[in-house]
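Written out below as structure tokens is the structure these notes cover.
When a ligand or atom number is given, it counts from 1 through the structure's own listing order. Just the heavy atoms: all of them, side chains too, but no hydrogens, waters or symmetry mates, feed the values below.
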Amino acid sequence: MAEKFDSVVVGGGPAGIAAAYTMAKVGLSVLVLEKGEKPGAKNMFGGVIFRHHTEKMAPEFWKTAPVERHVVEYQYWFLSKDSHVLVSHRNQKFNGRYNAFTVHRAKFDPWFSKLAEDAGALIINRTTVDDVIKEDGRVIGVKTERGDVLANVVVAADGVNSMLSKQAGMREELPEDAAVLAVKEVIAVPKQKIEERFNLGPDEGAAALLVGCGPGMHAGFMYTNRDTISLGMGVNIRDLDKSKQRPNDLFEQFKKHPSITPLVRDGELKEYSAHLIPEGGYDYVANVYTHGMLVAGDAAMLVNAINWEGTNLAMTSGIIAGETIIEAKKKGDFSSRTLSQYRQRLEESFVLRDLKKYREIPKFFSSNPHFFTLYPDAINELAYMWHVVDGELKQDRIKQMKAKLFKQRSRVGLMRDAYHMWRLFS
Ligand SMILES: Cc1cc2nc3c(=O)[nH]c(=O)nc-3n(C[C@H](O)[C@H](O)[C@H](O)COP(=O)(O)OP(=O)(O)OC[C@H]3O[C@@H](n4cnc5c(N)ncnc54)[C@H](O)[C@@H]3O)c2cc1C
């Protein structure tokens, strides 16, 4: 007979581990099944985890967790072919109260999963879940290559492609316009050089978003780790298809940009990977509950692309999933009516409130790609004209700058864009 748990969690990422930790801590029997040789082994990431959400499970975690650097500077780069305009925010408050940490997930996730293990969860790695087991329309467990496991509630935290939620009929394939393909390299650069090039102190880090010089809706990213730099680029799948370019070629082009190369000069390539990010926002959020099953994190498409947030939505949805199952166990009722509390609580939390606030933004940018192409070019051109000193009168130069801008985007177009940006973000 298959073994039965209070909950089987599929996936040992931030969502799955947060759910497992929450339930194990109060004594529920929890099994986590992870297909990688360890949590994080299969993960592709180039970014940060956030203090606020991680600390809910592990106070002052940065003292023991394998974090790389705490972020003190957020950079926004606007690229044209051979120039950039950089807007940056550095704040000493980020040294006083840490906000976010760059991490390598292959190191962070095993540490994070130990929290759940220490709380009493059983974690089995190298085990792929192949399907859900259903009985009378209810999910009652999962099938793995090692055998079946039964549970009162299955938590699908199996990431962006979530086979499990598709098999349970809760989600379709990720639509093209809601998916971003990210390619990333981890480049080894000596610690001291990173600090010189980014003007950082010993444990300080920088996080950068770069737009321009690519097809349609796209963005580059750059994160400083201790002695490596994570450099990558994400492109909307639909725009990638239209461009007929290969992601790798686009990335090479991006890496060779004259403003980027000095930052990674003489670096040694350590790792190359590609991964999807579900960036469709609120309107694409999956059905997150059914009889005997909840869906959390990327599997439910809980990513806030505007603020570069995913791990915190994953952890929070995992915690809420865990708490919902604890309540269900108290009632002895694992029906979709009881589990619907999960959606309700997500709606009340920052997870769905933030996504709802921004619900129009992904579609707006998707149908207005000139924000990623025309504007970065125009900003660079205007900055160049402003700085050139060649004896010309300033009043003539300003006239030329206006003419240049209005040639690229009409006055009405500019006003319309400004209005939409104001409306979408306020
Ligand atoms: C390039 C890149 C940069 C990013 N940068 C940031 C950032 O700076 N900040 C941020 O907050 N977020 C960032 N994100 C998003 C963030 O990585 C995700 O939102 C987050 O990892 C989601 O966590 P999760 O637990 O839902 O899924 P995942 O982290 O994807 O974990 C899913 C787990 O499930 C396992 N699994 C999958 N299928 C099965 C199966 N059938 N059986 C068993 N196990 C299975 C996988 O091996 C994996 O361990 C970035 C993403 C990418 C791709």
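Looking at atom 27 (O) of ligand 1, its nearest protein heavy atom turns out to be G159 CA, 3.8 Å. Counting protein heavy atoms only, atom 22 (C) of ligand 1 is closest to D298 OD1, 3.3 Å. Among protein heavy atoms, atom 42 (N) of ligand 1 sits closest to V129 N, 3.0 Å. Of the protein's non-hydrogen atoms, G13 CA, 3.6 Å is the one closest to atom 31 (O) of ligand 1. Closest to atom 4 (C) of ligand 1 among all protein heavy atoms lies F45 CD1, 3.8 Å. Given atom 44 (N) of ligand 1, the protein heavy atom at minimum distance is K35 N, 3.1 Å. Scanning the protein for heavy atoms near atom 15 (C) of ligand 1, the closest one is G310 CA, 4.2 Å. Among protein heavy atoms, atom 9 (N) of ligand 1 sits closest to V48 O, 3.0 Å.
Taking the six-membered ring where the residue is Trp, Y375 and H370 present tilted rings, their angle falling between 30° and 60°. Using the six-membered ring where Trp is involved, W111 and F108 have ring planes that are tilted, between 30° and 60° apart. Relative ring orientation between F94 and Y74 is described as perpendicular, the plane-to-plane angle rising above 60° on a 0-90° scale split at 30° and 60°. F365 and F371 have perpendicular rings, their planes meeting at more than 60° on a 0 to 90° scale where under 30° would count as parallel.
Nearest to atom 38 (N) of ligand 1 by heavy-atom distance, out of V295, V103, D158, is D158. Looking at G47, A41, G46 and measuring to atom 3 (C) of ligand 1, the nearest heavy atom belongs to G46. Of the listed options G16, A15, G11, A15 places a heavy atom closest to atom 25 (O) of ligand 1. Around atom 35 (C) of ligand 1, the closest heavy atom drawn from M301, R126, E34, M233 belongs to E34.
For L313, no heavy-atom contact with ligand 1 is shorter than 4.0 Å. Of the heavy atoms in R105, only side-chain atoms (C-beta onward) come closer than 4.0 Å to ligand 1. With a heavy-atom cut-off of 4.0 Å, E309 touches ligand 1 through its backbone alone. Contact annotation: for A314 versus ligand 1, heavy atoms closer than 4.0 Å belong to the side chain alone. If you look at A157 next to ligand 1, the close heavy atoms, those under 4.0 Å, all belong to the backbone. Residue contacts with ligand 1 for N43 involve side-chain atoms from C-beta outward but no N, CA, C or O (heavy atoms, distance under 4.0 Å). Under 4.0 Å from ligand 1, the heavy atoms of F221 that appear belong solely to its side chain. Counting heavy atoms closer than 4.0 Å to ligand 1, residue I277 contributes side-chain atoms (C-beta onward) but none from N, CA, C or O.
Using a 4.0 Å cutoff on heavy atoms, T127 counts as a contact of ligand 1. Not a single heavy atom of G232 sits less than 4.0 Å from an atom of ligand 1.
Any N or O atom pair closer than 3.5 Å counts here, and P14 shares at least one such pair with ligand 1. The shortest N/O to N/O separation between N312 and ligand 1 does not fall below 3.5 Å. Checking only distances, K184 never comes within under 3.5 Å of ligand 1, N or O to N or O. Taking only nitrogen or oxygen atoms, main chain and side chain alike, A299 does not reach within less than 3.5 Å of ligand 1. Ligand 1 has no nitrogen or oxygen under 3.5 angstrom from a nitrogen or oxygen of A182.
Put simply, the residue from H104, K270, E268, E271 that forms a side-chain hydrogen bond (donor to acceptor under 3.5 Å, both in side chains) with T228 is H104. No option in N312, V288, L313, T316 other than L313 meets the side chain to side chain contact (heavy atoms under 4.5 Å, CB included) test with L302. Just one of F221, F45, Y76 meets the ring-ring contact (aromatic ring centres under 6.0 Å, His included) condition when paired with W308; it is Y76.
S162 is listed as a side-chain neighbour of R171, based on a closest heavy-atom distance under 4.5 Å. Q341 has its side chain out of reach of Y289: every pair of non-hydrogen atoms, C-beta onward, lies at least 4.5 Å apart. Using a 4.5 Å heavy-atom cutoff, the side chains of P202 and K191 are in contact.
Atom OH of Y419 has 12 or fewer neighbouring heavy atoms from other residues, nucleotides or ligands inside a 6.0 Å radius. Within a 6.0 Å sphere centred on CZ of R337, heavy atoms belonging to other residues, nucleotides or ligands number 12 at most.
When each atom of ligand 1 is checked for a heavy atom of G297 under 4.0 Å away, the hits are 26 (O). If you number the atoms of ligand 1 from 1 as listed, the ones under 4.0 Å from a heavy atom of T311 come out as 10 (C), 11 (O), 12 (N), 19 (O). Contact atoms of ligand 1 toward L33: 43 (C), 44 (N) (distance under 4.0 Å to a heavy atom of the residue). Residue-ligand proximity, Y223 to ligand 1, at heavy-atom distances under 4.0 Å covers atoms 8 (O). Residue contact check: T128 has heavy atoms under 4.0 Å from atoms 41 (N), 42 (N) of ligand 1. Of all atoms in ligand 1, numbered sequentially from 1 with element shown, those under 4.0 Å from a heavy atom of F50 are 11 (O). Ligand 1 places these atoms under 4.0 Å from at least one heavy atom of W308: 7 (C), 9 (N), 10 (C), 11 (O).
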Please lay out, stage by stage, how R423 and E360 fare under the test salt bridge (Lys or Arg N to Asp or Glu O under 4.0 Å). CA-CA 10 Å; R423 194 179 60 82; E360 290 176 44; 3.3 Å; yes

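Closest approach of D130 and E145 over heavy atoms only: OD2-N, 3.5 Å. Heavy-atom minimum distance, R226 versus V67: NH2-O, 3.9 Å.
In terms of modelled atom types and a separation under 3.5 Å, the side chain of E347 and the main chain of L352 share no donor-acceptor contact.
Using a 4.0 Å cut-off between charged side-chain N and carboxylate O, D203 and R69 make no salt bridge. Between K166 and E172, none of the side-chain N atoms (NZ, or NE/NH1/NH2) sits under 4.0 Å from a carboxylate O, so this pair counts as no salt bridge. Salt-bridge formation is not detected for the pair K114/E117: no Lys NZ or Arg NE/NH1/NH2 atom is positioned less than 4.0 Å from an Asp or Glu carboxylate oxygen.
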